[in-house]
Amino acid sequence: MSDLLVNLNSEQLQAVSLPPQHALILAGAGSGKTRVLTTRIAWLIQTGQVEPSGVLAVTFTNKAAREMLARLSAMLPINTRGMWVGTFHGLANRLLRAHWRDANLPQLFQILDSADQLAAIKRLLKALNVDDEKFPPRELQHFINGQKEAGLRAHAVEAWDDYTRRRVELYQEYEAQCQREGVVDFAELLLRSYELLERHEPLRRHYQSRFRHILVDEFQDTNRLQYRWLRQFADEGREGAAAMFCVGDDDQSIYRFRGADVGNMRDFEREFRVANVIRLEQNYRSHGNILDAANAIIRNNANRLGKNLWTEQGEGEPIRVFEGYADVDEARWVVEEIGQLVRDGMSRSDIALLYRSNAQSRVLEHQLFSSGIPYRVYGGLRFFERQEVKHALAYLRLIANPDDDTSFARVVNFPTRGIGARSQEALTDAARTFNASLYSTVPHLSGKPGAVLAGFVRLIEDLRRDTAKLPLPELVDHVLDTSGLRAHYRNEKEGQDRLENLDELVSAAANFLAEIGPPEDPDADHALLADFLAHASLEAGDHQAEAGADAVQLMTVHSAKGLEFDVVFATGLEEGLFPHENSLLETDGLEEERRLMYVAVTRARERLYLSFAQSRMLHGQSRYNLKSRFLEEIPETLLKWLTPQRAATMPGNTYFRPSAASPAAAPPPRRRDDGGLRVGQLVGHARFGQGVIVATEGAGSDARVQVNFGAAGVKWLLLSVAKLEVA
DNA sequence: ATTTTCTATATTTTT
DNA sequence: TATAGAAAAT
């Protein structure tokens with residue numbers, strides 16, 4: 001037996017060494033998913049069952065792809081360059097670059113990231129004089145991407161109402177604009193390559209016979225188009241076709257809002273007649289109590305393929321629960337606790353603070369900062385998304401492809417060179433009538449606009465000529481100087497960081513060059529530049545981070561997926577926040593929130609803290625929330641309350657009912673003083689259940705209180721009418 | 001062309 | 001609260 005297979009448990013071993021048949025691996029959190037995937041590839045190659053070139057391995061993130069390649073080269077003495085390992089979008093890009101003519105694209109086509117796409121849509125609406133109140137650009141973007149992910153071109157979309165008919169027209173116009181400009185968005189990468197193979201049978205046959213093993217990571221996060229894309233390579237699962245090996249966890253599907261469709265797992269099982277469904281249920285990450293809590297939570301979901309994690313490790317510590325009066329108290333407690341952990345010898349980087357939404361990081365950051373504890377926040381602007389970098393990239397893109405109107409519009413007057421709104425409008429109108437790109441329309445323009453714009457075109461032409469033979473980093477450097485970007489930021493008061501980022505872009509170009517080696521086609525001018533630009537679009541770069549330092553990790557639960565920490569604080573466990581109130585309106589929204597909670601809990605190795613606060617500042621005002629229902633789903637026996645637990649159910653029948661008829665009766669009229677009805681007070685209602693008082697108003701028989709009943713909504717109740725129980 | 005003032009809006013976000 | 005984007009003022 002190969003030494004690759006030692007130290008695998010029996011299910012892992014079974015999965016890794018499966019015959020070339022379709023397989024679905026249901027891999028629970030911390031069950032060794034990545035290990036199984038990479039070992040499977042290594043084993044197939046080492047046993048001579050497949051050549052490296054016969055492997056197609058797909059991941060969602062560049063990080064995951066890089067990690068897979070790194071692990072593979074550690075396991076096998078092979079050159080990984082012939083292997084197709086990458087993200088869906090990266091591989092689609094690779095395909096389209098190789099067959100750009102057949103795909104009806106310019107050789108140096110550019111890739112729009114989400115922000116570029118939005119800008120392109122806004123520009124389109126403006127050019128067509130469409131009211132962007134009626135057709136909000138973001139909504140249109142979502143619509144277009146949704147259609148593409150369903151595999152539908154504009155002509156194939158069924159529209160039953162005028163509104164949708166118009167949106168379809170705009171989808172059509174958007175496509176025409178992209179085609180004219182030689183740009184493709186993320187969804188287009190997939191759809192275009194899918195259609196290419198569908199239309200081009202010899203090409204399809206070629207890839208179908210080349211790839212013998214297709215392996216997919218995070219399969220629960222695939223969208224419909226991605227699934228069909230994969231199915232095409234596997235020849236729809238026909239006899240003799242490639243074997244599909246899909247690894248995923250339906251319980252960790254948390255990207256439905258981005259088009260992910262867990263249904264792909266069931267469809268895969270059915271359509272490919274998958275005989276091998278293997279469950280990896282042994283968890284190597286967390287202690288027993290943590291796993292028990294995770295299992296207890298996820299058990300409440302109805303739509304599951306079914307799985308129960310277990311561990312050989314002991315039950316470990318209880319799960320600690322803290323209730324704060326306000327978000328500030330919660331944050332203060334978190335920071336104190338961290339201080340203690342660090343004093344006990346724990347590394348700060350082994351501690352994670354998780355929250356549902358980014359806005360919640362502020363209070364935590366504030367407390368950490370005042371205590372002088374180093375921390376690192378994930379999320380926010382990434383390198384290639386920064387304004388100055390985007391501007392620089394726009395110049396580079398114009399060199400590679402002058403028809404890219406998005407880039408043209410972005411920098412035609414940045415730095416300002418006297419090309420104001422009037423000139424730009426004249427150009428847009430002319431381009432529209434010529435049905436040509438902005439760049440190519442400039443020579444047709446006369447008068448003052450014509451003159452100033454010609455100056456800009458000359459700048460780009462000069463840049464293209466002067467950089468044609470320059471190595472990539474020097475090319476970038478030259479553009480930064482000649483475009484005037486560097487000078488602009490030098491003169492800006494707060495421009496220092498931006499200048500540094502521009503320098504960083506030159507380094508990024510150098511790194512890129514070093515990584516990919518010599519260009520494949522040295523004759524094509526700027527081919528390397530186009531590759532670099534694709535890289536910039538497909539990999540937005542690391543979130544800003546002071547790497548190296550031993551810092552506490554702050555991130556949303558979403559970005560924590562796939563990570564693990566010795567100690568995890570899951571904060572803000574409140575109704576309305578987690579589960580988020582918006583999710584309750586969506587079908588199956590609550591189940592997705594619960595999966596999110598499951599992800600949060602399973603990040604912890606040794607110690608898990610769960611916390612919530614009675615009041616929290618949100619959008620500038622205090623909100624009063626109930627504790628999250630997910631807390632109630634964890635058996636009490638696993639918990640250790642660090643604060644006294646407030647009654648979960650109302651004791652007895654202590655009705656509180658002020659009555660105008662008998663003002664002197666038992667419940668005193670001055671409720672504020674006696675611990676009766678205060679803001680933040682927990683109350684019970686026969687129909688709406690448990691709630692928390694958010695506001696009070698009026699007095700005597702007019703006295704009203706506003707109560708947040710969580711799922712049942714926020715209600716105003718007249719005290720003289722409503723029966724309220726007081727805890 | 002640039003600055004200021006206002007107004008709407010506020011989950012999550014691998015590519 | 002804070003931020004982005006638009007409208008208005010300079």
Side-chain angles (χ1 to χ4, degrees), chain A residues 58-67 86-93 111-118 122 132-133 136-138 142 145 148-149 184-190 217-218 220-223 225-226 229 252-260 327 354-363 366 378-382 384-385 387 413-424 534-543 555-563 572 576-586 589 592-593 595-597 599-600 616-623:
Chain A
V58 196
T59 63
F60 269 85
T61 66
N62 293 296
K63 200 174 146 205
R66 272 195 303 271
E67 187 180 336
T87 64
F88 278 102
H89 295 86
L91 295 170
N93 177 55
I111 299 166
L112 302 182
D113 67 20
S114 312
D116 298 329
Q117 184 188 30
L118 188 63
K122 283 180 180 168
D132 59 5
E133 302 257 291
R138 284 187 172 285
H142 188 255
N145 290 339
K148 288 189 181 186
E149 280 163 18
V184 297
D185 57 49
F186 286 149
E188 186 69 22
L189 283 171
L190 291 167
D217 192 15
E218 306 277 15
Q220 78 282 352
D221 287 337
T222 51
N223 65 35
L225 182 56
Q226 286 161 340
W229 192 87
Q252 291 188 72
S253 156
I254 55 174
Y255 283 106
R256 205 178 48 129
F257 68 95
R258 290 183 104 251
D327 47 0
L354 308 185
Y355 35 80
R356 174 68 240 265
S357 61
N358 284 307
Q360 291 167 245
S361 74
R362 279 196 63 239
V363 224
H366 184 82
Y378 286 74
L381 262 195
R382 301 199 291 180
F384 287 111
E385 292 168 355
Q387 188 208 92
N413 197 35
F414 192 96
T416 49
R417 42 175 79 85
I419 305 177
R422 264 204 343 274
S423 303
Q424 290 184 49
H535 165 82
S537 298
L538 290 171
E539 174 153 26
D542 256 334
H543 288 293
M555 67 193 83
T556 63
V557 181
H558 279 93
S559 21
K561 198 180 85 166
L563 305 177
L577 222 85
F578 198 178
H580 197 278
E581 52 203 355
N582 295 358
S583 73
L584 302 177
L585 309 170
E586 295 156 25
E592 177 131 330
E593 293 289 306
R595 292 192 289 268
L596 203 48
M597 181 69 186
V599 168
R616 179 176 297 276
M617 285 297 270
L618 201 64
H619 311 324
Q621 47 196 354
S622 285
R623 279 183 40 145

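Quantities reported herein were computed from a predicted structural model and do not represent experimental measurements. Residue numbers begin at 1 in each chain, while the letters A, B, ... track the order of the sequences.
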- Query: Can A:Phe257 be classed as stacking with the base of B:dT12, given a centroid separation cut-off of 5.5 Å and a plane angle cut-off of 30°?
  - Reply: yes
- Message: Over all strands shown, is A:Asn62 touching base, sugar-phosphate only, or nothing at heavy-atom distances under 4.0 angstrom?
- Response: sugar-phosphate
- Rounded to whole angstroms, how far apart are OH on A:Tyr255 and C1' on B:dT13? 6 Å
- With a non-hydrogen cut-off below 4.0 angstrom, is A:Ile419 in contact with a base, only sugar-phosphate, or nothing? sugar-phosphate
- Scan A:Ser583 against the nucleic acid and name what it touches under 4.0 Å (heavy atoms): base, sugar-phosphate only, or nothing. base
- Any side-chain heavy atom of A:Glu218 within less than 4.5 Å of one from A:Gln220? yes
- A:Arg382 CZ to B:dT13 C1', straight-line distance once rounded to whole Å: 9 Å
- Item | Counter-base of B:dC6, judged by Watson-Crick or G-U geometry with both distances under 3.5 Å | C:dG5
- Query: Please give, in whole Å, the distance from B:dT13 C1' to A:Glu385 CD?
  - Reply: 10 Å
- So which nucleotide does B:dT14 pair with, by the Watson-Crick or G-U wobble rule with both distances under 3.5 Å? none
- So what does A:Glu188 hit on the nucleic acid, given a heavy-atom distance under 4.0 Å: a base, only sugar-phosphate, or nothing? nothing
- Query: When you match A:Glu586 and A:Thr61 each to their closest nucleotide on DNA chain B, which lands nearer the 5' end?
  - Reply: A:Glu586
- Message: Assess the residue pair A:Asn145 and A:Phe186 against the criterion (side-chain contact (heavy atoms from CB on, under 4.5 Å)); give the C-alpha distance rounded to whole Å, side-chain angles, the decisive distance to 0.1 Å, and a yes or no.
- Response: CA-CA 9 Å; A:Asn145 290 339; A:Phe186 286 149; over 6 Å; no
- Query: Does A:Asp116 reach the main-chain N or O of A:Asp113 with its side chain, forming a donor-acceptor pair under 3.5 Å?
  - Reply: yes
- Compare all side-chain heavy atoms of A:Val58 with those of A:Asp217 and state whether any distance is below 4.5 angstrom. no
- Residue pair A:Glu592 / A:Glu586, side-chain heavy-atom distance below 4.5 Å: no
- In whole Å, what is the span from the CZ atom of A:Phe384 to the C1' atom of B:dT15? 14 Å
- Note on the structure: chi for B:dT11 classified (syn = within 90 degrees of 0, anti otherwise) as syn
- Task: Please work out if A:Phe186 contacts a base, only the sugar-phosphate, or nothing of the nucleic acid, heavy-atom cut-off 4.0 Å.
- Result: base
- A:His580 ring over B:dT11 six-membered base ring, under 5.5 Å and 30°: yes
- Nearest-angstrom distance from the residue atom CG of A:Leu538 to P of B:dT13: 20 Å
- Query: When the distance from CD of A:Gln117 to P of B:dT13 is rounded to whole Å, what number comes out?
  - Reply: 18 Å
- Note on the structure: Atom CG of A:Asp132 and atom P of C:dA4 are separated, to the nearest Å, by 19 Å
- Task: Tell me what A:Gly90 touches on the nucleic acid: a base, only sugar-phosphate, or nothing, going by heavy atoms under 4.0 Å.
- Result: nothing
- Quick one: is A:Ser559 getting a side-chain N or O under 4.0 Å of the B:dT13 phosphate, OP1 or OP2? yes
- Item | Side-chain N,O (A:Asn358) to OP1/OP2 (B:dT13) below 4.0 Å | yes
- May I ask you to decide whether A:Asp185 forms a salt bridge with A:Lys148, counting only side-chain N to carboxylate O separations under 4.0 Å? yes
- Task: Ignoring hydrogens and angles, answer whether the base of C:dT1 and the side-chain atoms of A:Arg362 contain a donor-acceptor pair closer than 3.5 Å.
- Result: no
- Rounded to whole angstrom units, what separation is found between the NZ atom of A:Lys63 and the C1' atom of B:dT14? 10 Å
